[in-house]
Amino acid sequence: MGKKILIGGIGNVLLGDDGVGPYVARLLEARYEFEDGVEVEDLGTPALDLLDRISGKDAIILIDSVEAQATPGTVLLYRKADIMCQVPAVRMDPHSPALVDTLHSADLFGIAPTDVLLVGVKAESFDVGCRLSETVAACLDQAISVVLSELERLGVAYERREHPAELGIWWTSDEKMEAPLVT
Amino acid sequence: MAKRITIDPITRIEGHLRIDVEVDNNAVSNAWASCTMWRGIEKILRGRDPRDAWLFTQRFCGVCTTVHAMASVRAVEDALKLEVPLNAQLIRNLILIAHALHDHIVHFYQLSALDWVDIMQIPNADPERTAKLAESLSPWTRNSRNEFKAAQDRVKAVASSGQLGIFMNGYWGHPAMRLSPDVNLLAFSHYVQALEYQRKALQVVGILGSKTPHIQNLTVGGVANAIDLNSATALNMNRLEQIRVLLDEVVQFINEVYVVDVCAVAAMYPDWFKIGSGVKNYLAVPDLPLDSAGSAYDLPGGYIMNGDIAGTRPFKTASDKVFRDSVTEDVTRAYYQGGKPLHPWKGETEPEFTGWNGEQKYSWVKAPRFNSQPMQVGPLAQVLVGFAQGHPLTLKHATLAIEKVQAIGGIKVTPDMLHSTLGRHAARAIRASMLSELAQKHLQLLTDNIAKGDYTVFNQPVFPSHEVEGVGTHEAPRGTLSHWVVIKDEKIKNYQAVVPSTWNASPRDLSDARGPYEASLMNTPLARPEEPLEVLRTVHSFDPCMACACHTFDPSGRQIAKVKVL
């Protein structure tokens, strides 16, 4: 068995671009097969429970929307050190307390993964709805390729599925994304 | 001259709770609780299939996923007058209990203990003496000198590195911190151990729900767990045994560590039985149904007005007519359009942001009211309501805790003292030990029912063509949760969630009555107003979680709270 790796999408699937993390995780799962030891998870908006998820992992790759001085749709990469000593005035992401707290706790208990990569996507809109903005939707492939090259760097094998799987309730079809109002 | 202090945000988990207090002569003279982001997520449910609603509602909040899923299926079942099979009730109950045990442990240790425990005193502790003290309090086998030494070494390493990590924001050395170094070490060692036991409780949720944080096994009409004693992948006796082992460990931690620690903190901070009362109207709904029809419950519900415990009115069912008819939401002081208070089935969520103004509108949280009154919800409400009704399980565990506090600190706790900051912590610990007993009971009920040959888990829902209304309630870790649904032509016409933190964090209403957080902060003494530790103690005692009330948007994890003194 190879390295233990968590690929986790973080964010709220009901709040527009906040769902980009879970979306990328789901796309990866649907399109690729990974070697044993790799978990791909839609983590939703975890708080301190994230500690349980990362405990015992060699590496974690998290995908989340971030608040940063950048154009919407920009993909930004952060490593462990960037997260643990945040540059003041940079709002890392909506779930920072969870992520920052978690990494500090993991450090205190000696269970922090060696390799941490946060793939951040600068969001455009957090309006209620299970739909990504066009700007963020356009950078999904870039986010995916960043995750894949991190896996290559870690020496982890993956393969493209011949028949991609269904995406699931959140993004099955366009009608499902936005409910019509009943009056 | 009063000075204004703003604390924003105050939750250490997701959310955006802001507290403003005016301080006069080192005591709080006025208070406002507000939520700083809008969510309005319920709109997403309109027009959808009611059978799918729970999949969406469990995404309201990443902390309380399960509870919103459960309230949602119950709301639809109530609207359809659909009973669920006994197996399904028991499986749901076990998930709810395990989730609550996890939540109560995390709340006390990870989210509020450091309001009372001074980490920076730990290097001065003596692990040997700590072990002796611990032994006198509890039979817990991990209260050894070696465990305490290891915990102390961890803190020493962090303290000497100058990189305080997760401890960089505490009010260390604050004059309101009063535990001895040994007790601080004892509590911190349990803070570390708590992480293991909350995880075991979550594993139970994972086994029955097939996944955490988002369970997969619910369905309107029951659960989707296949029960088959001959299949390795279904719910079988091995799985049930696995659950029993996990629950036993969690239960032991609750009884020998959590309850004891809360009693010890109570015994050492007795003045906090006099601080933080506020709204003395309490509301709790019955939960943990014992039959398909939901006619008997293991947790009692009811309401108390003006602290009149003897005058408690019980709720017979989880969707009692009095409850259904008495809830409204008031937007007088919240950033929404609208006039008079509306019943949730008629609820509207049209934003009208005007900026924080303590004299007018100041919060994104609506003000839920019961018979036009603000209500406090949470474990304290449930324990008081049960206590008043002579509910045997409540009396048993409340008495045990009261005796423990007396044994440690020589303080006689009366029910009246529970209207306080410490009362909320004590009630949560009492509820956790009640739930511990019920965890084992409900697992046995499920095992026995399966052994009898009943494998039924699901009743098919039938949708009428006319409009129907339903309410689904759950007595969640933070208190009474209710989901209100209106269904027409198999589609959701309206949906409102009235969540525990909106009851407690509610702003003022049209008659200017303060919500529970606000009222509880009045007259709180502050040793150092610029370090308002005392405010955090009281607000944290409610176990706030604002994520389901509003969008999560915390600026950074570097601070417990931004404190601004004006």
Side-chain angles (χ1 to χ4, degrees), chain A residues 10-15 18-19 22 41-53 55 67 83-111 126-130 168-170 175-183, chain B residues 9 11-15 37-48 52 55-63 65 102 106 110-111 154-155 157-158 163-168 192 195 198-199 202-203 211-214 486 488-489 491-494 545 547 551-558:
Chain A
I10 296 181
N12 194 320
V13 294
L14 308 182
L15 294 172
D18 204 33
E41 290 268 9
D42 161 5
L43 297 172
T45 49
L48 300 170
D49 306 356
L50 191 56
L51 189 61
D52 299 341
R53 298 286 168 168
S55 140
E67 272 294 289
I83 300 165
M84 290 183 64
C85 58
Q86 290 181 16
V87 182
V90 176
R91 289 180 166 187
M92 291 286 288
D93 79 51
H95 314 288
S96 277
L99 186 54
V100 174
D101 257 23
T102 300
L103 287 180
H104 280 297
S105 296
D107 221 37
L108 176 74
F109 303 126
I111 53 167
F126 294 115
D127 287 348
V128 173
C130 304
I169 187 166
W170 314 113
E175 306 94 66
K176 277 223 162 185
M177 284 183 193
E178 214 163 56
L181 287 182
V182 178
T183 47
Chain B
T11 47
R12 298 195 70 208
I13 45 181
E14 294 181 63
M37 288 299 283
W38 182 54
R39 213 154 150 118
I41 234 165
E42 291 115 323
K43 277 190 167 182
I44 220 169
L45 290 159
R46 289 194 193 158
R48 290 190 191 272
D52 288 344
L55 287 164
F56 290 84
T57 59
Q58 81 164 328
R59 301 287 178 144
F60 281 180
C61 165
V63 177
T65 50
H102 147 81
V106 168
Q110 270 69 43
L111 303 176
R154 259 186 194 144
V155 175
V158 169
Q163 299 286 320
L164 292 185
I166 53 169
F167 304 131
M168 71 173 95
V192 178
L195 288 167
Q198 61 82 22
R199 185 183 305 144
L202 266 195
Q203 281 168 358
K211 246 187 178 184
T212 59
H214 310 114
V486 182
K488 197 180 178 200
D489 298 329
K491 293 244 184 332
I492 294 172
K493 187 177 167 192
N494 199 4
C545 180
H551 183 35
T552 66
F553 222 79
D554 281 2
S556 91
R558 302 201 71 176

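Order of the sequence lines fixes the chain letters, A, B, ..., with proteins taken first and strands second; residue numbering starts at 1 for each chain. Remember, it's a predicted structure, so these values are computed and weren't measured experimentally.
For chain A, the nearby parts of B:Thr212 are the backbone and the side chain; heavy atoms of each come within less than 4.5 Å. Of the atoms belonging to B:Lys488, not a single heavy atom falls under 4.5 Å from chain A.
To the nearest 0.5 Å, atoms CZ (B:Arg199) and OG (A:Ser55) are separated by 4.5 Å. A distance of 10.0 Å separates CG in A:Leu15 from CZ in B:Phe60, rounded to the nearest 0.5 Å. Of the inter-residue distances, the one linking B:Gln198 atom CD with A:Asp49 atom CG reads 6.5 Å to the nearest 0.5 angstrom. Between atom CG of residue A:Leu14 and atom CG of residue B:Leu45 there is a gap of 8.0 Å, rounded to the nearest 0.5 Å. Atom CG of residue A:Asp52 and atom NE2 of residue B:His102 lie 8.0 Å apart, to the nearest 0.5 angstrom.
Across all non-hydrogen atoms, the minimal contact from A:Phe109 to B:Leu195 is CE1-CD1, 3.0 Å. Contact detail for A:Cys130 and B:Arg48: the closest heavy-atom pair is SG-NH2, 4.4 Å.
Between chain B and the options A:Leu43, A:Asp42, A:Val13, the largest number of non-hydrogen pairs under 4.5 Å is found for A:Asp42.
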